[in-house]
Amino acid sequence: MADERPGRELKGRDRTGRDVAGRDLTRRDLMKGAAATVSYLAVDGVAGATSAAEAAGLPGRGHAAASGATVGDPANGTILPLNCTSNVILPPPGRSLQKFSFDFPEPSVVFNKLIIGFRLYTFFNTYGLDREKMRAMPEGDGLRLECTGFVYAGGQLKAPGRLTAHIRPHGEYAEWDVTAEMDEPIKSITTVVRGVPRGKMAAGSGGFFDPKENEVLLGYPWGNGGRSTDTPLTVIQAGKKEYYALSALNEEVRPNRMYFEPAEDNRYRIEMVYENPGWKRTPRLEGARWRVSRTSTADEAYAPHFAHVQRAFQLPEWTTRPDVPAWFREVELVVSIHGMDWTGYIFNDFAKALRTLEWVSKQIDGRKVMVFLPAWNGRYYWEYSIYKVDQRMGGDAGFRRLIAEGHHMGFRFLPMYGLQASNTHLPVYPQFADSSTRAIDGNSFYLAWVDWDNDRHMEGWGRFMNIAVDDWRNWLHDNITYLIETFGVDGYFLDIAGGWVNNTQGDMLAGLRTMVEELRAKYPQVLPVGEFSYDALMSVLPVYQIFPSWGYPAGFHKYCRSFGHLSHPAPGRGSSGVHESGFNHFDWKTLSTNPHEIPTITVVDNTFEKYRHVMAEIIAKAKARAAKRAM
């Protein structure tokens, strides 16, 4: 084929003041640009790029970044002939992810302090923009980038299609949206961004960590690749008063991923991925609105994103949300009484649980306590989808006595259910087998990440169930209803509630919302609780077991509350009870409490007999915490 190397096509700007896209440049265009970003970029690895860089006024590798724009720097709208390895540190200096082992074309446009390119993914291949068919045009105070054809196979082959991006200023940086069309279903669109400095990183509303020299992949929500985030936001702290916020401003829950690849001059090459819902295979895809901004404080980086989240998902604020029963607003302590382990080992039967609560009622008003009951229905996880009271633990009579006498003492009870899990070996499984989740490519999504029997290999009999499918949702709804009406429990806990997997069958959030709203209509004083959250889920469930927002507490506390996780360490050796982690560290100094969660006591086999004094200390601390908050 003819010489189509991208580097041959960047001619800088001619003597008439026209840029490579062929549009007229004003003095404002020339002075406004991406100097601080573009000037660091060496486009080695693209054929002909050295002369192109010189023509565009770009220094070679090793030159310091410019401190401000100059007339010699590429103006907004300049298209640079980059590829996926341009200025990336290779081989990777730290932990890395899979990647192409060749130079995949990545022509990118300059805007403000960023360099922005795009990739397109179908169920057949990966596509880049055809540099010959790209054009950047002014649009208001921003620009419109149009491309009327794609390349693939590393640029060796071409494909028809169209991509349009609208890029606008946002402070010093930018926000944009992109739409693509092809003659086959589009799976996802990636924006490739260069120009953001490296630094400590916060995923979603979480706290900051140091990624060092490692590549980082963040996925939203849980189940969509990489380190899970509660919202599609990454905050980077590059200096004392230098923060960068990268966010997807979704209007619906859609998978987003951000991949950070260390580049030279202490910056990143970033992939910002928007994925089409798997149940909507369409040849046209309109991506998220993406934003990159700079602030002087962390709160200023978080707050605009969460203002959007509150509006987009209509999050009710905690103080007034109507789905919180009045009794829960009085809760000061959670007692987590573990039942039966996967092996059949019983930590506490119903009679022992009742004896424990009789003692607890002498330490604190029972009306201030919620009792969490994991594995009340038999072997943990093995019995997931059969929600009948276990006979070995005391049967219906023992469970009824526990609930009735517990209620008499003021306690409220929260039994555990597997929202997204079922054992395929159970005889009831065929009734809802069609609800087993099929991921975006049509493959089964197995629940196969736990070594239940400790043979040092993960078990594969579990399936990740899809609450969007009627058969499974109706089954779970009916089983929750049974326990409420038969025994009078006060809530239901949904394991893996924060899991949202892109799939071919339907929106898991919509399915969960349907079930929760149906149950709330019938039982308004029954509390729904989730294991962990993501932004939109906070509009459906008010309480969780995990506090996610260590970097920006208002991102969670404004809407929801949390208590200690199922794996919260029991006093003493830190047993996790029925949870698969085994043993965790019990902090004797803090009594394993923190200011963001309702104090929680994990009760396992020896807790009441051997560590009753520690239970008493935690109860006293919970009462003091509540008294302080009431002041």
Side-chain angles (χ1 to χ4, degrees), residues 315-316 318-337 339 350 353 357 365-377 384-389 396 399-420 467 472-498 509-533 537-546 559-564 566 598 600:
L315 301 187
W318 175 259
T319 54
T320 57
R321 64 183 301 162
D323 55 351
V324 180
W327 63 261
F328 183 78
R329 293 188 183 275
E330 303 300 318
V331 167
E332 300 174 2
L333 175 74
V334 174
V335 179
S336 177
I337 303 180
F350 302 139
L357 293 180
D365 185 344
R367 293 173 297 178
K368 307 292 185 181
V369 181
M370 183 171 70
V371 182
F372 175 47
L373 297 175
W376 56 273
N377 60 319
Y384 263 9
S385 71
I386 293 183
Y387 295 105
K388 303 296 182 184
V389 177
D396 284 3
F399 192 70
R400 183 173 287 107
R401 183 184 175 209
L402 170 64
I403 303 301
E405 296 193 19
H407 278 163
H408 183 71
M409 291 182 280
F411 296 108
R412 301 287 183 159
F413 291 88
L414 180 74
M416 182 173 183
Y417 294 83
L419 174 66
Q420 314 276 28
I467 194 69
W472 174 248
R473 186 175 63 254
N474 293 338
W475 174 268
L476 193 60
H477 172 281
D478 292 348
N479 276 273
I480 293 171
T481 296
Y482 166 77
L483 216 64
I484 294 171
E485 294 190 348
T486 305
F487 300 98
V489 297
D490 305 283
Y492 53 96
F493 174 83
L494 301 173
D495 192 19
I496 326 182
L509 177 66
L512 176 58
R513 187 188 301 276
T514 296
M515 186 185 77
V516 170
E517 289 181 350
E518 288 175 353
L519 289 168
R520 183 176 298 129
K522 291 191 291 184
Y523 314 109
Q525 292 304 306
V526 171
L527 177 71
V529 178
E531 182 186 6
F532 56 97
S533 63
L537 186 61
M538 293 190 290
S539 68
V540 178
L541 302 176
V543 180
Y544 299 87
Q545 277 196 343
I546 294 176
Y559 316 106
C560 298
R561 292 295 182 267
S562 62
F563 59 95
L566 168 71
I598 298 171
T600 302

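One-based numbering along the sequence shown.
For the pair Val543 and Ser562, the minimum side-chain heavy-atom distance is 4.5 Å or more. Two residues are said to be in side-chain contact when any heavy atoms from C-beta on lie closer than 4.5 Å; Phe411 and Glu405 fail this criterion. Within the 4.5 Å cutoff, the side chain of Leu519 has heavy atoms near those of the Tyr492 side chain. Between Tyr482 and Phe487, some side-chain heavy-atom pair lies under the 4.5 Å cut-off. Looking only at side-chain heavy atoms (C-beta outward), Val389 and Arg400 stay at 4.5 Å or farther from each other. At least one side-chain heavy atom of Tyr544 sits less than 4.5 Å from a side-chain heavy atom of Leu537. A 4.5 Å side-chain heavy-atom check between Val369 and Val331 finds every atom pair outside the cut-off. Residues Pro316 and Pro542 are not in side-chain contact: their nearest non-hydrogen atoms beyond the backbone lie 4.5 Å or more apart.
Residues meeting the salt bridge (Lys or Arg N to Asp or Glu O under 4.0 Å) test with Asp490, sequence neighbours left out: Arg412. Residues satisfying the salt bridge (Lys or Arg N to Asp or Glu O under 4.0 Å) test with Arg473, not counting sequence neighbours, are Asp470.
Looking at Trp475, its side chain does come within 3.5 Å of a backbone N or O of Ser385 through a donor-acceptor pair. Listed for the Gln545 side chain is no donor-acceptor partner under 3.5 Å among the backbone atoms of Gly530.
Taking the centre and axis of the six-membered ring of Phe399, the NZ or CZ atom of Lys388 falls outside the cone set by 45° and 6.0 Å.
Closest approach of Leu419 and Trp472 over heavy atoms only: O-NE1, 2.8 Å. Nearest heavy-atom pair, Tyr559 versus Met538, reported as atom, atom and distance to 0.1 Å: CD1-CE, 4.0 Å. Of all heavy-atom pairs between Leu541 and Pro528, the closest is CD2-CB, 3.6 Å. Closest approach of Pro325 to Leu527, counting heavy atoms only: CD-CD1, 3.6 Å. In terms of heavy-atom proximity, Thr600 sits nearest to Gly564 at OG1-N, 2.7 Å. Nearest heavy atom pair, residue Ala326 against residue Gln525, reads N-OE1, 3.9 Å.
The closest side-chain donor-acceptor pair between Asp495 and Tyr384 falls under 3.5 angstrom.
Note on ring orientation: taking the six-membered ring where Trp is involved, the planes of Tyr387 and Tyr417 are tilted (angle from 30° to 60°).
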Evaluation steps, side-chain contact (heavy atoms from CB on, under 4.5 Å), between Ile480 and Tyr523: CA-CA 11 Å; Ile480 293 171; Tyr523 314 109; over 6 Å; no
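The salt bridge (Lys or Arg N to Asp or Glu O under 4.0 Å) pairs that include a residue from residues 511-522 are Asp323-Arg520, where partners are two or more places apart or lie in different chains.
Other residues, nucleotides and ligands place no more than 12 heavy atoms under 6.0 Å from the CZ atom of Arg401.
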